[in-house]
Protein chains: 2
Amino acid sequence: MLKEERQKYILDQVHLHHRVLLNDLSDALNVSIDTVRRDVKELDQEKKLKKVHGGATSFGFMTFTKDDGNIYLKSKKISIAEKTVSLLSDGQVILMSGGTTNMEVAKLIPKKLVLTVFTPSLHVAMALLEHENVEVIFLGGKLLHDAKFAVGGTVVNALSQLRVDMCILGTGYLDAKFGLTEFDWEVIQVKQAMIRAAKKTVILTVSDKLHSVQKYKTCDMTAVHTLVTELDPSDPLLDTFRPFELVLV
Amino acid sequence: MLKEERQKYILDQVHLHHRVLLNDLSDALNVSIDTVRRDVKELDQEKKLKKVHGGATSFGFMTFTKDDGNIYLKSKKISIAEKTVSLLSDGQVILMSGGTTNMEVAKLIPKKLVLTVFTPSLHVAMALLEHENVEVIFLGGKLLHDAKFAVGGTVVNALSQLRVDMCILGTGYLDAKFGLTEFDWEVIQVKQAMIRAAKKTVILTVSDKLHSVQKYKTCDMTAVHTLVTELDPSDPLLDTFRPFELVLV
DNA sequence: GCAAAAACAGCAAAAACTTGCAAGATTTCG
DNA sequence: CGAAATCTTGCAAGTTTTTGCTGTTTTTGC
């Protein structure tokens, strides 16, 4: 068995189960634990997975829907939010999904900016209501307990009647090959409807979530118009995304 | 089990319940209490949660509604909320409007009670989502900046398709002669639709608002089935309401 | 102030990691 | 083709990390 095959298997397992034990890999691949260890070490250095004591995890593994008080991560998100806000202009009608990064965007919208925003996220709606000049329309539906996010036919239906200027999606898992993925089936239904309803799709993502894959696919990278991360557009981590027609902000 | 998995579980629990006990964690994860203690210590140092004696809490969690500071009024409202909760039973589908009294109801719903609740209030929806067994459906629409309440045709339309067991209205101005009144035209449209959609209408009101009238009329007293206040049902203040077929709780 | 619960510190066993090395496979290049 | 160089793989010895246990100190509730 070739090294590349092994490493591909390891990556597949990590993407599938979000975690993997070195012992299991050594068993499944019929090689010594040392070999697996070395493979994982390499993949870790290539930032394709995260090596931990006893195994490995996918990058999305340690992230959470709520603000986790991680100051490092938070500053990244604020930096992303600042860039995103600069994309907005007076009179626009936009769509916003949920997630902590979108929350930061909602908070950072200038008081003077006149906007109409549709959102299925309770937290984002709440934050937007602080702005006098923003008209907020909540896309109602069944609320998810953890994400505080409306899903289901009602939301998708309402979205099918919209044609807005821009759609801002946060908390996505991004990979050049697999596109934008999520771990919740109902959420991707809504996000897909959001993308369909918008002229432009803007993706916000911290670099930690680049090159990470979840179970369900929202869309291909070709559906994305603008990618906003905290990295400099020249960063090599973004190289795999360059084949697509993206504006890296 | 990987350390990362344990820590993720711990963080998830903290985010979900805002607090956890080390004993429960040790039980759930099948590891010694010391291991959990060490995990929590680490997460605390990483500022991902706050370690406290006996467990951990999520910091960043504070009550959503700004307390109005009036302790008298608040205790009245809690007393009303307690009575209201006792009217609920397993499996019911109900409608809840906004307001601080309804917020108290939402908070006091027993963890075991299985309900489906429709609401156009952001705050109430948020509070209800704390309960695992409550399915929350938000009635989407244009949000009022001050009341954090959805109004407009979308809400009224959605309501016209419902036939629920009970409708709980808060923050009303009540008078035996003029009925239930409000100061916002858009709000009464929604409340009227809520009353139409429900088999029973329950009004929550602190005694201060009895015998007070506002500009717009939601409904007559004849449309109200149950009146919940903090007063004893024999209180003379309630006399003018007795001609109506009310259950005074 | 007292008893119970929780936190802490130190220790030891087990699991996992690192490093160096040697045998076999693969590639390079004259 | 064939020998040297390189890469890969597995093994063994030594080190580090993790984890549960013990006894001691601190905190909490009555």
Side-chain angles (χ1 to χ4, degrees), chain A residues 1-64 68-70 72-73 208 211-212 236, chain B residues 1-63 71 75 78 111:
Chain A
M1 169 167 278
L2 281 123
K3 191 167 87 166
E4 301 214 339
E5 288 181 276
R6 277 203 318 270
Q7 300 200 351
K8 167 140 177 41
Y9 177 83
I10 294 172
L11 274 179
D12 284 347
Q13 288 297 306
V14 167
H15 287 150
L16 199 57
H17 300 116
H18 306 302
R19 58 144 251 196
V20 79
L21 304 179
L22 295 192
N23 276 319
D24 292 351
L25 288 174
S26 148
D27 259 14
L29 294 165
N30 273 316
V31 289
S32 78
I33 189 106
D34 299 73
T35 304
V36 172
R37 211 189 296 288
R38 271 185 279 249
D39 282 335
V40 169
K41 197 175 185 176
E42 272 184 45
L43 292 171
D44 177 79
Q45 279 160 359
E46 293 168 30
K47 302 267 189 243
K48 299 207 173 145
L49 50 70
K50 180 128 183 271
K51 187 178 175 310
V52 298
H53 198 94
T57 68
S58 72
F59 272 109
F61 186 76
M62 284 301 286
T63 53
F64 304 93
D68 46 16
N70 185 334
Y72 186 58
L73 201 56
D208 310 49
H211 311 104
S212 67
Chain B
M1 167 165 277
L2 294 168
K3 191 170 83 166
E4 278 69 20
E5 288 181 277
R6 276 201 320 267
Q7 300 198 351
K8 174 168 164 50
Y9 177 84
I10 293 171
L11 275 178
D12 281 347
Q13 288 298 306
V14 167
H15 286 150
L16 198 58
H17 300 116
H18 304 303
R19 53 152 247 177
V20 282
L21 305 179
L22 296 192
N23 274 320
D24 293 349
L25 289 174
S26 149
D27 255 16
L29 293 165
N30 273 317
V31 290
S32 78
I33 190 111
D34 296 74
T35 303
V36 171
R37 207 189 298 288
R38 272 185 278 247
D39 281 335
V40 168
K41 196 174 184 177
E42 270 185 46
L43 292 171
D44 177 80
Q45 278 161 358
E46 291 168 31
K47 303 269 190 248
K48 293 192 176 167
L49 51 70
K50 182 139 179 254
K51 189 177 174 312
V52 296
H53 198 92
T57 65
S58 106
F59 60 158
F61 172 68
M62 47 204 85
T63 48
I71 297 170
S75 71
I78 288 178
K111 292 282 168 199

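Just so you know, these numbers come straight off a predicted model, no measurement behind them. What you see below is based on every heavy atom in this structure, not just the backbone, and it leaves out hydrogens, waters and symmetry mates. Lettering follows sequence order; numbering is per chain, from 1.
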Identify all pairs in which a protein N or O lies below 3.5 Å from an N or O of nucleotides 6-8 of chain C, and state each distance.
unit_1, atom_1, unit_2, atom_2, d
dA6(C), OP1, N23(B), ND2, 3.4
dA6(C), OP2, N23(B), ND2, 3.4
dA6(C), O3', G54(B), N, 3.2
dA7(C), OP1, V52(B), O, 3.4
dA7(C), OP1, G54(B), N, 2.4
dA7(C), OP2, R37(B), NH1, 2.2
dA7(C), O5', R37(B), NH1, 3.1

Requested in this report: Name the closest nucleotide to the R38(A) side chain, picking from dC11(D), dT8(D), dT18(D).
Outcome: dC11(D)
Query raised in the report: What pattern of brackets, bars and dots sums up DNA chain D from 5' to 3', given Watson-Crick or G-U wobble pairs under 3.5 Å, [ ] for crossing pairs and | for another strand?
Result: ||||||||||||||||||||||||||||||
Query raised in the report: Taking atom CD1 of I33(A) and atom CG of L22(A), what is their separation to the nearest 0.5 Å?
Result: 5.0 Å
Query - Rounded interatomic separation in angstrom, taking CD from E5(B) and C1' from dT18(D) - result: 15 Å
Report task. Could you check if a side-chain atom of D44(A) sits within less than 4.5 angstrom of a side-chain atom of K41(A), using non-hydrogen atoms only? Result -> no
Query raised in the report: Distance check: side-chain N/O of T35(A) vs OP1/OP2 of dG10(D), anything under 4.0 Å?
Result: yes
Requested in this report: Assess whether salt bridge (Lys or Arg N to Asp or Glu O under 4.0 Å) is satisfied between K3(B) and E42(B), documenting all intermediate values.
Outcome: CA-CA 11 Å; K3(B) 191 170 83 166; E42(B) 270 185 46; 3.3 Å; yes
Query raised in the report: Should the pair E5(B)-R19(A) be classified as a salt bridge under the 4.0 Å nitrogen-to-oxygen rule?
Result: yes
Requested in this report: Nearest whole angstrom, please: distance from the P of dA16(C) to the CG of D24(A).
Outcome: 10 Å
Query raised in the report: OP1, OP2 of dC7(D) versus side-chain N and O of K3(A): anything below 4.0 Å?
Result: no
Report task. For K8(A) and D12(A), run salt bridge (Lys or Arg N to Asp or Glu O under 4.0 Å): C-alpha distance rounded to whole Å, both residues' side-chain angles, the deciding distance at 0.1 Å, then the answer. Result -> CA-CA 6 Å; K8(A) 167 140 177 41; D12(A) 284 347; 3.0 Å; yes
Query - Heavy atoms of other groups near Q45(B) CD, more than 12 under 6.0 Å - result: yes
